[in-house]
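What follows is a set of notes on a single structure, which appears directly below.
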Protein chains: 2
Amino acid sequence: MASQRGEGELTTTPLEPADRERARAIPEAAVARLAVYLRVLSGMVDQGVTTISSEELSQAAGVNSAKLRKDLSYIGSYGTRGVGYDVEVLVSHIERILGLTRKHSVAVVGIGNLGHALANYGGFPGRGFPVTALFDVDEDLVGVPVGGIPVNHIEDITTVCAEREVSIGVIATPPPAAQAVCDRLVSAGVQCILNFAPVVLQVPDNVEVRKVDLAVEMQILSFHVARRADEAANDLVNGIGVDGMVIRP
Amino acid sequence: MASQRGEGELTTTPLEPADRERARAIPEAAVARLAVYLRVLSGMVDQGVTTISSEELSQAAGVNSAKLRKDLSYIGSYGTRGVGYDVEVLVSHIERILGLTRKHSVAVVGIGNLGHALANYGGFPGRGFPVTALFDVDEDLVGVPVGGIPVNHIEDITTVCAEREVSIGVIATPPPAAQAVCDRLVSAGVQCILNFAPVVLQVPDNVEVRKVDLAVEMQILSFHVARRADEAANDLVNGIGVDGMVIRP
DNA sequence: CCGACTTTGTGCATGCGTTCACAAGCGGTA
DNA sequence: TACCGCTTGTGAACGCATGCACAAAGTCGG
């Protein structure tokens, strides 16, 4: 049983030593899944569910139950054998490990179609990620409010990010501008970047970049389409029908 | 050296037996990277580069050169020792393996902020992913052209997807609608789905789903912010300055 | 034609992540 | 209190992906 403590009395919410070591050791893949569990659990809370077993939760999250238990074990042992997990307890522990006890101010750079969508996206503020700054090069956009926030000129990134304590920068610019924008965000002290531009960003070691590349996602799907189509053709040649039934045994 | 053949004489472009086996064996992670290499290489072609070494390409793609060579070896041996790779040859082989020799018609469901952005996104058609159908529940949207394509009512998914030979469905609906939309796409014969809704979709085994979850991405970044902040606090306690310099040796 | 130099392709070791399988632990019941 | 059934937590085995290091294979200059 890890040390318990009151929460929310500090904005920075430092982790206990035991948790600190755990956080260091959590595999990247497990972190991504913890976020998914958290979302599923939040839904459970809304439905009035108070207790859940690893089997139920793993099904809802679309993973193997052993994996789920191992993932949860990375953040501590908060289940009750023979019963399951207390939903609210689990939620609060995952939130703590993911650093969601503190708000993370977000800046969106590039207010095109995607930037608009991101600025208006309701999922962010509701989950502790308020969008507090928008930037674009287009002078005509500067001052125009999008999703309730006026657009700033890209030249002002450094000062605006500093004064609004931006901790996450989202790049939604055209590809050629992405690296320059990234550099500016970094020099403004932003250490976490979510990149939607189809460009490989070069950043210093102390900056974390995650990329969302729609074209790559599509191409991965395309690969699977091709492989499937090809296997089907192959199977047909080998006497197996499209429904998996052997037509020429 | 794998068998060479003319390309483009068939819309379905079946793979040679040797390639077929390779495609089956390519690790998922490598497929994602191949898509990145392809994008970088396309940029090289535009710059007039004809030959590139694994070292140069790996740097541009942000990976280790050994990994790059291994990834390329999955699709065959098309390099020249002592010289490097012919850019155009590499492009055409990656395209073939990823199934990009054929167009993949895309349907976007849910024409909200994100759906608009996706429908207008220029990156898709340019890379062989023409958006050919849009759907929404909102009667007021039906018939309105977005990005040049009129919106259809969601009730017509099955027929429209079938007649336009949609092979990839993109879900950009609110979370509660996602599973129902997914089921409809599947019953319309769509086997590949890109899901932007923060929901775990349940699909049959023969359907491939990839998810893009912005909230999860943010939370992963949040985790890193927290870990970093915590390490910094820890280091400070242990007498190491924020710039990594030991202030209390 | 030969030797030096360059770069690919890959066998092998290492490390990480997933899965299995079961002991440990808890609640309920008599 | 003692037993029984259920579920967690985790050691251990396995499999996949990464990175190293080098032989194989090509180019280029003389």
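Values in this document were obtained by computation on a predicted structure and should not be read as measured data. Residue numbers begin at 1 in each chain, while the letters A, B, ... track the order of the sequences.
Taking side-chain N and O atoms only, A:R69 has no distance below 4.0 Å to OP1 or OP2 of C:dC22. Between A:Y74 and the phosphate of C:dT18, there is no side-chain N or O to OP1/OP2 separation shorter than 4.0 Å.
Between B:Y85 atom OH and C:dT6 atom P the separation is 18 Å, expressed in whole Å. Here the P atom of nucleotide D:dT8 and the CG atom of A:D86 are 13 Å apart, to the nearest Å. Taking atom CD1 on B:I75 and atom C1' on C:dT8, their separation rounds to 14 Å, with Å as the unit. Put simply, OH on A:Y78 is 16 Å from P on C:dC26, counting in whole angstrom units. Summarising the geometry, the separation between CD on A:E28 and P on C:dG17 is reported as 9 Å, rounded to the nearest angstrom. Separating the CG atom of A:L68 from the P atom of C:dT19 is a distance of 12 Å, rounded to the nearest angstrom. Distance B:D71 CG to D:dG19 P: 10 Å, rounded to the nearest Å.
To the nearest 0.5 Å, atoms CG (A:L57) and OG (A:S53) are separated by 8.0 Å. The CG atom of B:N64 lies 7.0 Å from the OG atom of B:S58; values are rounded to the nearest 0.5 Å.
Side chains of A:Y78 and A:D86: no donor on one and acceptor on the other come within 3.5 Å. A:H104 and B:Q219 share no side-chain donor-acceptor pair at under 3.5 Å. At a cut-off of 3.5 Å, with distance as the only test, a side-chain donor of A:S54 or A:R69 sits close to an acceptor on the other residue.
Between A:G84 and A:K70, the residue anchored closer to the 5' end of DNA chain D is A:G84, taking for each the nucleotide with the nearest heavy atom. Mapping A:A30 and A:T80 onto DNA chain C by nearest heavy atom places A:A30 at the nucleotide closer to the 5' end.
Under the 3.5 Å distance criterion, the side-chain polar atoms of B:R39 are matched with a main-chain donor or acceptor of A:P198.
Sorted by residue number, the members of residues 50-67 of chain B with any non-hydrogen atom under 4.0 Å from DNA chain C read B:S53, B:S54. Within residues 37-45 of chain B, no residue approaches DNA chain D, by heavy-atom distance under 4.0 Å.
Of all heavy-atom pairs spanning A:V170 and B:M218, the tightest one is CG2-CE, 4.3 Å.
Using a 4.0 Å cut-off between a side-chain N of Lys or Arg and a carboxylate O of Asp or Glu, B:R210 and B:E28 qualify as a salt bridge.
Side-chain to base pairing of B:R81 with C:dT8: one donor and one acceptor N or O lie within less than 3.5 Å of each other.
The shortest distance between side-chain heavy atoms of B:Y74 and B:P27 falls below 4.5 Å.
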